[in-house]
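Since the structure comes first, as structure tokens, the remarks are kept for the end.
Naming: A, B, ... by sequence-line order, numbering from 1 per chain. Keep in mind the model is a prediction, meaning the values are calculated, not measured.
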Amino acid sequence: MANDTQRFQAIIAHCKEYGFIFPSSEIYDGLSAVYDYGQWGSELKKNIKDYWWKSMTQLHENIVGIDAAIFMHPTVWKASGHVDNFSDPMIDNLDSKKRYRVDHLIEAKAEELESAGDAAASKTLLDKMDELLAANDYEALRELIIANNIKCTVSGTSKWTSVRQFNLMFSTQLGSVTDEASEIYLRPETAQGIFVNFLNVQKSGRMKIPFGIAQIGKAFRNEIVARQFIFRMREFEQMEMQFFVRPGTQKEWYEKWKETRMNWHLSLGIPKEDYQFKPHVKLAFYADAACDIEYKFPIGFKEVEGIHSRTDYDLKQHQEFSRKKMQYFDSETNQNYIPYVIETSIGLDRMFLLIVSHAYTEEDLSTAEKPDSRVVLRFPAKLAPLKLAIFPLTKKDGLPELARELMNECMPAFRCFYEEKDAIGKRYRRQDAIGTPFCVTIDHQTKEDGTVTIRHRDTMKQERVAMGDIKAMVQKEIS
RNA sequence: GCGAAAGUAGCUCAUUUGGUAGAGCACGACCUUGCCAAGGUCGGGGUGGCCGGUUCGAGCCCGGUCUUUCGCUCCA
């Protein structure tokens with residue numbers, strides 16, 4: 001565990017040192033739990049995004065993508081349940097420093113009363129709580145807790161702070177004139193952008209069930225603690241797909257998407273044993289089945305993707321709140337119905353961390369003569385920020401000119417990097433540290449027969465090939 | 001948000017008890033070598049996280065603040 005923590009720290013340091021991830025606004029001391037992607041990080045992130053987008057849309061005839069706005073009508077979040085379910089009043093005990101959700105605390109007391117045989121008192125308490133919660137009367141809620149002699153289970157005291165509200169969603173003002181009616185939220189999930197466009201896409205695209213709508217975009221959540229590097233951030237990016245199916249078929253589709261999504265992960269060459277499915281024991285109010293795909297991060301097995309069978313909950317809610325029929329006419333069965341939904345939702349930032357965690361390797365290359373080591377990022381070639389580095393062995397004798405020729409040929413096809421400084425070994429190691437899969441060196445022999453050496457990142461092996469073949473070779477490896 | 005610890009050059013760290021900061025690596029220029037890091041010469045770079053206090057004098061003591069790490073609390 002200590003080793004894993006060290007490894008995680010090393011990865012974070014490496015990400016900063018080599019231009020992958022910087023703390024946000026660092027010159028102003030940073031902003032808690034917000035990070036910026038640097039020159040190579042943004043390339044890697046984009047490559048992950050492209051790979052997901054392509055495999056979800058281009059490779060499925062019946063899945064299309066959208067790009068909905070982050071700002072949405074406030075009623076969306078009433079319909080989705082976010083306004084009511086995720087603004088929980090909290091209270092802290094001053095002695096134990098424990099924090100409780102007010103409703104949990106009072107419900108526990110009610111259960112205690114109930115099992116003590118005083119069902120009437122229990123009911124009175126719960127009714128009173130519901131009344132006060134509905135009225136947002138925090139002062140009275142605190143008094144209720146104190147009046148009922150509710151104690152902290154840890155400290156055993158009833159020294160409570162005032163009741164405070166925890167809001168999951170960030171709010172802001174739409175329009176330049178501030179008034180209450182203009183308050184809107186930054187979306188806490190991208191899914192609702194898909195649900196509110198269900199009819200638009202279905203009708204304009206003449207989509208037939210089963211079909212899916214995919215989306216990549218930012219979402220924002222006011223987590224209580226946001227920590228563990230980019231694993232949990234207040235601003236993050238999701239890659240989601242909502243798949244609309246005929247009611248009653250959701251179980252099969254749920255299984256199908258579990259398998260499809262796991263295969264996507266494995267297609268990147270990441271070992272199967274580093275993944276596991278974790279079924280949700282306690283289902284959310286809208287789901288009839290749900291599981292996470294967890295990856296063995298250096299901080300333990302953690303969720304990277306969720307697959308949820310969301311039933312017709314969301315569309316039904318939007319039908320109710322918007323008074324627009326969210327129905328689909330199925331010409332096969334000659335029936336109208338609200339489709340059921342299977343959701344696949346992967347955190348892009350978590351996927352980034354997954355790829356880096358998998359790739360980061362410290363190697364001991366010591367020999368009897370001298371100690372030696374290297375840090376290498378073994379990215380899948382198709383995700384690597386840089387695909388090819390081109391080095392003239394020396395910066396004279398016409399070698400840079402030849403190297404530039406190869407640069408000009410390859411640059412339009414994929415990201416290349418040119419360098420003529422320092423010893424060749426040092427240049428190789430620098431590319432290892434940012435995960436470039438291939439390095440080509442132009443040497444004196446190139447001038448005679450037009451061949452170069454291509455060096456492979458993982459094995460450090462070299463082979464001599466015609467310079468004219470390099471572009472095709474690399475392209476084959478990264479596609 | 002609470003508790004504990006930490007914050008000195010881009011990175012890793014020194015700086016005996018308060019007397020106005022140093023090394024290695026990295027970086028830049030030049031020379032040399034030329035297929036797997038750490039050759040030579042010269043050079044740039046720090047208002048010691050930030051603000052305030054004590055003191056003749058503070059990186060070192062005190063207070064506050066910000067950030068990070070660890071442990072709690074929360075996570076549809």
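- Among the nucleotides B:A26, B:C35, B:C36, the one closest to the side chain of A:Thr441 is B:C35.
- Side-chain proximity of A:Thr394 to the nucleotides B:C27, B:A76, B:G34 is greatest for B:G34.
- Here the nucleotide nearest the side chain of A:Ser373, chosen from B:U69, B:A37, B:G34, is B:A37.
- Counting non-hydrogen atoms under 4.0 angstrom, A:Gln9 reaches the backbone sugars and phosphates but no base.
- Side-chain proximity of A:Tyr35 to the nucleotides B:G34, B:U69, B:C75 is greatest for B:U69.
- A salt bridge links A:Arg310 to A:Glu189: at least one charged side-chain nitrogen sits closer than 4.0 Å to a carboxylate oxygen.
- A donor-acceptor contact under 3.5 Å links the side chain of A:Arg455 to the base of B:C36.
- Residue A:Asp432 is out of contact with every strand shown, counting any heavy-atom pair closer than 4.0 Å.
- Out of B:C35, B:A76, B:G28, the shortest distance to the side chain of A:Tyr428 is found at B:C35.
- Relative to the side chain of A:Asp422, the nucleotides B:C36, B:C27, B:A76 differ in distance, and B:C27 lies closest.
- Of all nucleotides listed (B:G28, B:A37, B:C35), B:C35 comes nearest to the side chain of A:Asp443.
- In summary, A:Glu294 and A:Lys278 engage in a salt bridge, as defined by a charged side-chain N under 4.0 Å from a carboxylate O.
- Here A:Glu17 lies in heavy-atom contact (under 4.0 Å) with sugar-phosphate atoms only.
- Classification of the A:Phe170-A:Phe220 ring pair by plane angle, with boundaries at 30° and 60°, yields perpendicular.
- Classified by interplanar angle (parallel below 30°, tilted 30° to 60°, perpendicular above 60°), the ring pair A:Phe229/A:Phe8 is perpendicular.
- Side-chain N/O atoms of A:Arg427 and base N/O atoms of B:C36 include no donor-acceptor pair closer than 3.5 Å.
- With B:A37, B:C11, B:A76 as the candidates, the nucleotide lying closest to the side chain of A:Lys426 is B:A37.
- Comparing atom distances between the A:Arg430 side chain and each of B:C27, B:C75, B:C35 picks out B:C27 as nearest.
- Nearest to the side chain of A:Arg464, among B:A37, B:C36, B:C35, sits B:C35.
- Using a cutoff of 4.0 Å between basic side-chain nitrogens and carboxylate oxygens, A:Arg427 and A:Glu419 are not scored as salt-bridged.
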